[in-house]
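Below is one structure, written out as C-alpha cells, with a few remarks after it.
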Amino acid sequence: MSQPALTLFDKIWRQHSVATSGDFDLLWVDRHFVHEGSFHAFDKLDSSGREIAHPELTFGIADHYVPSNLAGLEDDPEVAGMIRLLDENTSRHHLTYLGLGHEDRGIVHVAAPELGLTLPGLIIVCGDSHTTTHGAFGALAMGIGATEVAHVLATQTLWQRRPQTMRIHIQGHLREGVTAKDLALHIIHEIGTGGATNHAVEYTGPAVSTMSMDARMTLCNMTIEAGARVGMVAPDDTTFDWLRQAPHAPKGEAWKQAERYWQSLYSDPGAEYGRTVVIDACEVEPRITWGTNPEQSLPINTGVVPELDDNHPTLSYMALVPGQPLRDLPIDQVFIGSCTNSRISDLHAAATVLAGGKVKVPTLIVAGSNHVKAQAEAEGLADVFRAAGADWGESGCSMCVAMNGDSVAPGERCASTSNRNFPGRQGPGARTHLMSPAMAAAAALHGRLVDVRQVSGEPA
Amino acid sequence: MKPVSQITSPALLLLNENIDTDQIIPARFLRKPRNSGYHHYLLYDARYDMDGNERVDSPIPASMPPCSIVLAGHNIGCGSSREGAVYAFVDYGIQVIISTKIADIFRNNAMRNGLLPIQLEQEAFYTLVVHCQSNTQAQLSVDLERCEIRWEENNCLTFDIDEGSRERLLHGIDDIQATLAWEQDIVAFQHRYLAECPWILPNAAVSYGK
Ligand code: SF4
C-alpha cells in the first residue's frame, strides 16, 4: 500500500510523538529556549524536586529585560534583578547561557536561528508566543506557558493536542516596495486575530519560496497574531544556504545526512489541509495598523479610519475619528526593532530611507542581536542612523514591550516595527501603529505617517 | 493544582473582543513573585489610572461581589504566552472562563492551573450573557462532571471539552508527576531517535565562554 500523503506539519509531529493519551500526544522536544520570564518555570521545577532532564538541549538567553541603554539598567533594580535571576537559574542548572555582554546574545528569535540552534524538522519550544518565528526554517516551533516550560525542563517532552492544519497559499509576487511585514498584516486583516486559532499554518506559493530567510522569519513571527500555534515554510536551498555556516548547524558527514532528511520535509502532493486560504500577493500594499489589535490595518495610501461610533473604545484609545486618513497622521516617536523586524535586512531597509536625512521625532533603532549590531556597525548603518539623529541601542526586546525601561509615554503615538498594538503593549496609554522598517523610517523623517514609495529619495 | 468540578457563582462580564494577555496583566508586573498573589494586577490598566486610583469605567468595580466565573469576549487571552495572565485570574478566584473563542496558549495555560476554559457557540454564549445581565443576583452553575452549565430553575446547556483536558481539571493532575508513567517510553524513544538522527544534537564542539 502506498504511504498516505502527509503535510510538512504531520511529518514532523509524527516523528516526535513518543506516546498518545486521549487527544494529547507526548512530543519529544529538540530545542528549548528560556529567558528572564521563565523564572516561574524554574520555581516549579525546583519545587517538584526534579533536575533538568537534558540541560544540553535548553539554552538561556537574556532579551526581554534588556533595555536599549545598558547604562540605565541598574536604575530599576527589579529589571536588573530579573536578568540576575536568569543568570542564577541557568548556572545552577548547568545550561548554556547567553547573558549580558555575550557576543552571541540577542532576542531569542533572532539569535537562535543565527547560531544554527534552529534547524529544519526540529520541535522547538520557548515560553514566548513569537516562537512561531523558527518555523521559517521548516521547524515545528511553538510558544508555551510556564507550567509547560517546567514540564519540558523536567522531561524534555510536552503534552499537546494536535492542531488542525491550514495552508496559506500566496500566489504571485509582492510588488516593489512591499515587504513581508505588509504581507503579514494583510493576512491577519483577511483572516482575523483568531482566524488561525488551533491551527498549524504552512505558507506556500511563489511569493514565499522566493523570499529571503529574514522575510520568512517576519512572516512566521506574525503568524501568532492570527492565533496560530505554528507558522512554517518548507525548507529549501535558501534555508540550507543560510544554515551552512551557522556554528551549531551540523558539519561534514552530519550535514550531508541532515540535508538528505531535510529534503524530505515538504507537504506531499495531495496532502490534505484542514483549511486553505489563498492570498494574491499583487494585492498587498504597504500597510499600517490604526486600531488596538493587529488585524486592524489598512493600506497607507487609501486607508481611512472606519466608521465606528465616535466614542468607540478603540477610537478613543487611539485618538482617531472615523473617516480620518491614516496618511499624514502626525506621530511622536519611532521604534525600529523587535523579533519581527530587527535583522540586518530590516536595518538595511531603514538605512536606505534614512541616509542623508534628519529625523523629526525621537527615533530608537535596536538590532535584534549582538551579531546584527556588530554587522550594522561594520557596514556603517549605525553611522547612518546616528547621523540622521536616531538613537542606536543595545540589542534586545527594548520598546516592543513595556517591561525593561524602554516604553512609549501615555498618549504618545509611536510608529513601530514590532508586532503588537494592543492597549498598553508599549506602555500604559501608548498608541502604537505597526508597519515595516522602511515605512517607520519614512515616518521618522517626516514626523507623520507617509507612503515610503512616494517619499523615498526626497529630502525631508 | 485545585481540582475543578462544580462551581456556582455570579459571572464577571468582560465582553470586549481580543482582550490580550498584555491587557490581562501588563508586562511590568510579570517580574513580581507569585507568593503575594497576582490578583492585584488583573486588568490593571483598565481598572486603575496612572495614579493608582480606580477608574470610573473599571471593568471590575470595587463593589463587584466575589465571583469564580468569567464571561469573556471573543478571542480572550490572545497575544503573549505569559502564564501570569492565568495566574491573575486564578488568584482573583476565577475557576471558569467562558467565551466564543479562547486563544490556544492561554487555554493550555488555563488548563494547567485549574482554570476551566469553555468555548461556546455565539448563541449559547449570549444566552448566558443576557441571563447574567438580567439581574444583579444572577448566577451560573458549571458542572464539569456532566459538562453542563445550568441557571435558574431548569435552564441548562452542555459544552464540549476533550477528555484529556477534562481529566486534568477534574483531578487537578500535575503533568510533570503524571508523565512519570511514560518514563520508559521517553527513554526508548530518545535512544532510537538520537541514533537515527545524530545531527539533531547541537554542536557540542562550539564553546561558550563569555
Ligand atoms: S521583541 Fe517583543 S515580541 Fe519579540 S520576544 Fe521580545 S518582547 Fe516578545
Side-chain angles (χ1 to χ4, degrees), chain A residues 18-19 21-24 26 28 30 37 40 48 50 56-57 78-79 81-82 96 99 101-102 117 122 127-129 143-148 150-151 154-157 159 161 193-194 197-198 227 229 247-251 254-255 257-258 261 293 313 401-403 410 420 422-425 428, chain B residues 16-18 20-23 26-28 30-34 45-46 50 74-75 78-84 86-87 101-106 108-109 112-113 162-165 167 174-179 182-183 185-186 188-190 193 197-206 208 210:
Chain A
V18 176
S21 170
D23 285 358
F24 283 72
L26 186 65
W28 175 261
D30 298 298
H40 288 295
S48 80
R50 300 191 74 171
E56 76 284 7
L57 299 180
E78 275 194 338
V79 169
M82 286 295 284
T96 301
H102 198 295
L117 289 171
L122 303 190
D128 186 278
S129 59
I144 58 177
T147 306
E148 293 175 313
H151 190 274
T155 68
Q156 203 56 37
T157 61
W159 290 103
R161 288 190 311 163
T193 47
T197 304
N198 194 29
R229 294 293 280 129
H248 273 291
K251 304 283 180 245
W255 171 274
Q257 195 194 351
Y261 170 64
N293 73 55
V401 61
M403 68 194 331
R420 292 200 168 123
F422 294 109
R425 170 71 180 188
Chain B
N16 286 347
E17 292 187 359
N18 295 306
D20 79 307
T21 53
D22 265 280
Q23 293 179 74
R28 61 189 186 280
L30 296 175
R31 61 184 85 133
K32 301 289 182 196
R34 177 78 186 277
D45 288 338
M50 298 300 286
H74 197 70
N75 208 24
C78 59
S80 153
S81 60
R82 61 188 67 169
E83 200 161 298
V86 166
Y87 303 161
K101 179 159 283 189
I102 301 177
D104 284 331
I105 306 177
F106 179 83
N108 278 350
N109 291 340
R112 282 158 169 127
N113 285 279
D162 67 273
E163 201 40 42
S165 303
E167 286 285 303
D174 168 71
D175 268 349
I176 295 184
Q177 201 55 35
T179 303
W182 276 273
E183 204 138 23
D185 302 80
I186 297 173
F189 175 91
Q190 173 195 329
Y193 176 67
C197 313
W199 55 267
I200 280 194
L201 292 176
N203 201 340
V206 179
Y208 272 102
K210 275 210 180 180

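All values below come from the heavy atoms of this structure, side chains included, with hydrogens, waters and symmetry mates left out. Chain naming here is simple, since letters A, B, ... match the order of the sequence lines and numbering starts at 1 in each.
Heavy atoms closer than 4.5 Å to chain A are found in the side chain of B/Asp45, but not in its backbone. At a 4.5 Å heavy-atom cutoff, the contact between A/Ala258 and chain B is made by backbone and side-chain atoms alike. Using a 4.5 Å cut-off between heavy atoms, B/Asp162 touches chain A through backbone and side chain atoms alike. Of the atoms belonging to B/Asn113, it is side-chain heavy atoms, and not backbone ones, that fall under 4.5 Å from chain A. Interface remark: A/Val401 contributes side-chain atoms only to the contact with chain B (heavy atom separation under 4.5 Å). Interface remark: A/Ala249 contributes backbone atoms only to the contact with chain B (heavy atom separation under 4.5 Å). For chain A, no part of B/Phe106 is nearby; none of its heavy atoms comes within less than 4.5 Å. The contact between A/His151 and chain B is made by backbone and side chain atoms together, counting heavy-atom distances below 4.5 Å. Proximity to chain A is absent for every atom of B/Glu167, based on heavy atoms less than 4.5 angstrom apart. For B/Ser165, the parts lying near chain A are the backbone and the side chain together; criterion is any non-hydrogen pair under 4.5 Å.
Residue with the most contacts toward chain B among A/Ser48, A/Ala402, A/Ala154: A/Ala402 (heavy-atom pairs, distance under 4.5 Å). Of the listed residues B/Asp175, B/Asn109, B/Thr21, B/Ile176, the one with more heavy-atom pairs under 4.5 angstrom with chain A than any other is B/Ile176. With chain B as partner, the option from A/Ala254, A/Gly81, A/Ala146, A/Gly22 having the largest number of non-hydrogen pairs under 4.5 angstrom is A/Ala146. Contact tally against chain B (heavy-atom pairs below 4.5 Å) for A/Gln156, A/Arg161, A/Glu56, A/Lys251: the top residue is A/Arg161.
We find that B/Lys101 and B/Glu17 are not joined by a salt bridge, their nearest charged nitrogen and carboxylate oxygen being 4.0 Å or further apart.
Across all non-hydrogen atoms, the minimal contact from B/Asn75 to A/Thr193 is ND2-OG1, 3.2 Å. Here the shortest heavy-atom pairing between A/Ser129 and A/Arg420 reads OG-NH2, 2.8 Å. When every heavy atom of B/Asp22 is checked against every heavy atom of A/Arg425, the shortest pair comes out as OD2-NH1, 2.7 Å.
Between the B/Asp104 side chain and the A/Asn198 main chain, a donor and an acceptor come within less than 3.5 Å of each other.
B/Ser80 and B/Arg82 form a side-chain donor-acceptor contact under 3.5 Å, judged by distance and modelled atom types alone.
Interatomic distance, A/Leu57 CG to A/Leu122 CG, rounded to the nearest 0.5 Å: 10.0 Å.
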